[in-house]
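We number each residue from 1, following the sequence as shown. No experiment lies behind these values; they were computed from the predicted model shown.
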Amino acid sequence: MKRLRQIVTKAVVAKGKKRTEESVTICPTNKPTSILGCWVINHTCSAKKVGKFVEVSGKFDVNVWYAYSNHSKTAVFSETVHYKDKVKLHFRDGEVSVGDDVHVRVLQEPNCMEAVISKCGTKFEIVVEREVIVEVMGETTICISVHPLDFEEEWNFQDESSSSSSSSSSSSSSSSSSSSSSGGDGKFFLESSSFPEERPR
């Protein structure tokens, strides 16, 4: 007889996702003439639950290759940028009591979308994009069906027909019986001498 059991386990009870475009302003050592390249590296982040949100804290390095002194010299300027993103949570089964077990996954590493020299001519204005998804773990109850230990699920077997093999075996057995009823010289067992002798009237 099939029964149901409830199991309390940990599962993902809330999720959130956020994409951010942030303008970062950094000031190089020399007055830039032009920007030759810009890249973002060394990204790290962590997350913690704050009420109905998850706060993602992280940092990354912005490197700008630029020319200065009227394009006569070049240099690379690097600066570490810190950020905090507030990600709203979405609960699947309504708002439940959850712990602080939060997982964060980066969908889009911080990436430079645009890098220009500011109007004042002494700074870099850089647009950085990034995207993260957060998952909150909590206790939830699931129901499973319980079967006896000797339970085995049903299999749909296709019946294999054995008629051809039986007919061949029966025909072989009939031929073997015919061989046994006939003598070695091809005569049948029943001979005329076995019939009663006819007497004259």
[X] to [Y] - nearest heavy-atom pair and separation:
| X | Y | result |
| --- | --- | --- |
| Gly16 | His90 | CA-CD2, 4.5 Å |
| Glu79 | Thr25 | OE2-O, 4.5 Å |
| Tyr68 | Ala75 | CE2-CB, 3.8 Å |
| Gly121 | Lys31 | O-CG, 3.3 Å |
| Val102 | Ala47 | CG1-CB, 4.0 Å |
| Glu125 | Ser118 | OE2-CB, 3.6 Å |

Mind checking the [atom1]-[atom2] spacing from [X] to [Y]? Nearest 0.5 Å is all I need.
| X | Y | atom1 | atom2 | result |
| --- | --- | --- | --- | --- |
| Arg3 | Ser145 | CZ | OG | 11.0 Å |
| Cys112 | Ile35 | SG | CD1 | 8.0 Å |
| Thr122 | Lys119 | OG1 | NZ | 14.0 Å |
| Asn63 | Phe77 | CG | CZ | 10.0 Å |
| Thr20 | Lys84 | OG1 | NZ | 14.5 Å |
| Lys123 | Ile117 | NZ | CD1 | 13.5 Å |

Are any side-chain N or O atoms of Lys49 and backbone N or O atoms of Gly51, one a donor and one an acceptor, separated by less than 3.5 Å?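 Present.
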Flag for Ser78-Asp61: side-chain donor and acceptor within less than 3.5 Å: no
Looking at Phe53, does the NZ or CZ of Lys86 lie under 6.0 angstrom from its six-membered ring centre and within 45 degrees of the ring axis? yes
Using side-chain heavy atoms (C-beta onward) and a distance below 4.5 Å, is [X] in contact with [Y]?
| X | Y | result |
| --- | --- | --- |
| Val132 | Leu107 | no |
| Ile126 | Val62 | yes |
| His43 | Val106 | yes |
| Tyr83 | Cys45 | yes |
| Ser34 | His71 | yes |
| Val104 | Val54 | no |
| Val56 | Val134 | yes |
| Val12 | Thr140 | no |

Using a strict cut-off of less than 4.0 Å between a Lys/Arg side-chain nitrogen and an Asp/Glu carboxylate oxygen, indicate whether [X] and [Y] qualify as a salt bridge.
| X | Y | answer |
| --- | --- | --- |
| Arg19 | Glu129 | yes |
| Glu135 | Lys15 | yes |
| Asp85 | Arg130 | yes |

Report yes or no: do Val87 and Phe91 belong to one cluster of Ile/Leu/Val/Met/Phe/Trp/Tyr joined by side chain heavy-atom distances under 4.5 Å? yes
Could you walk me through whether Val128 and Asn111 satisfy the side chain to side chain contact (heavy atoms under 4.5 Å, CB included) test, starting with their C-alpha distance in whole Å, then the side-chain angles of each, then the deciding distance to 0.1 Å, before giving a yes or no? CA-CA 5 Å; Val128 178; Asn111 178 56; 5.9 Å; no
With ILVMFWY side chains joined below 4.5 Å, transitively, what does Leu36's cluster contain besides itself?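 Via sub-4.5 Å side-chain contacts, Leu36 links to Trp39, Ile41, Trp65, Val76.
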Mind running side chain to side chain contact (heavy atoms under 4.5 Å, CB included) on Lys52 and Leu89 for me, showing each step along the way? CA-CA 6 Å; Lys52 299 178 183 178; Leu89 289 174; 5.5 Å; no
Can you check whether Phe124 and Tyr66 have ring centres sitting under 6.0 Å from each other?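 Aromatic pair counts; centres sit under 6.0 Å.
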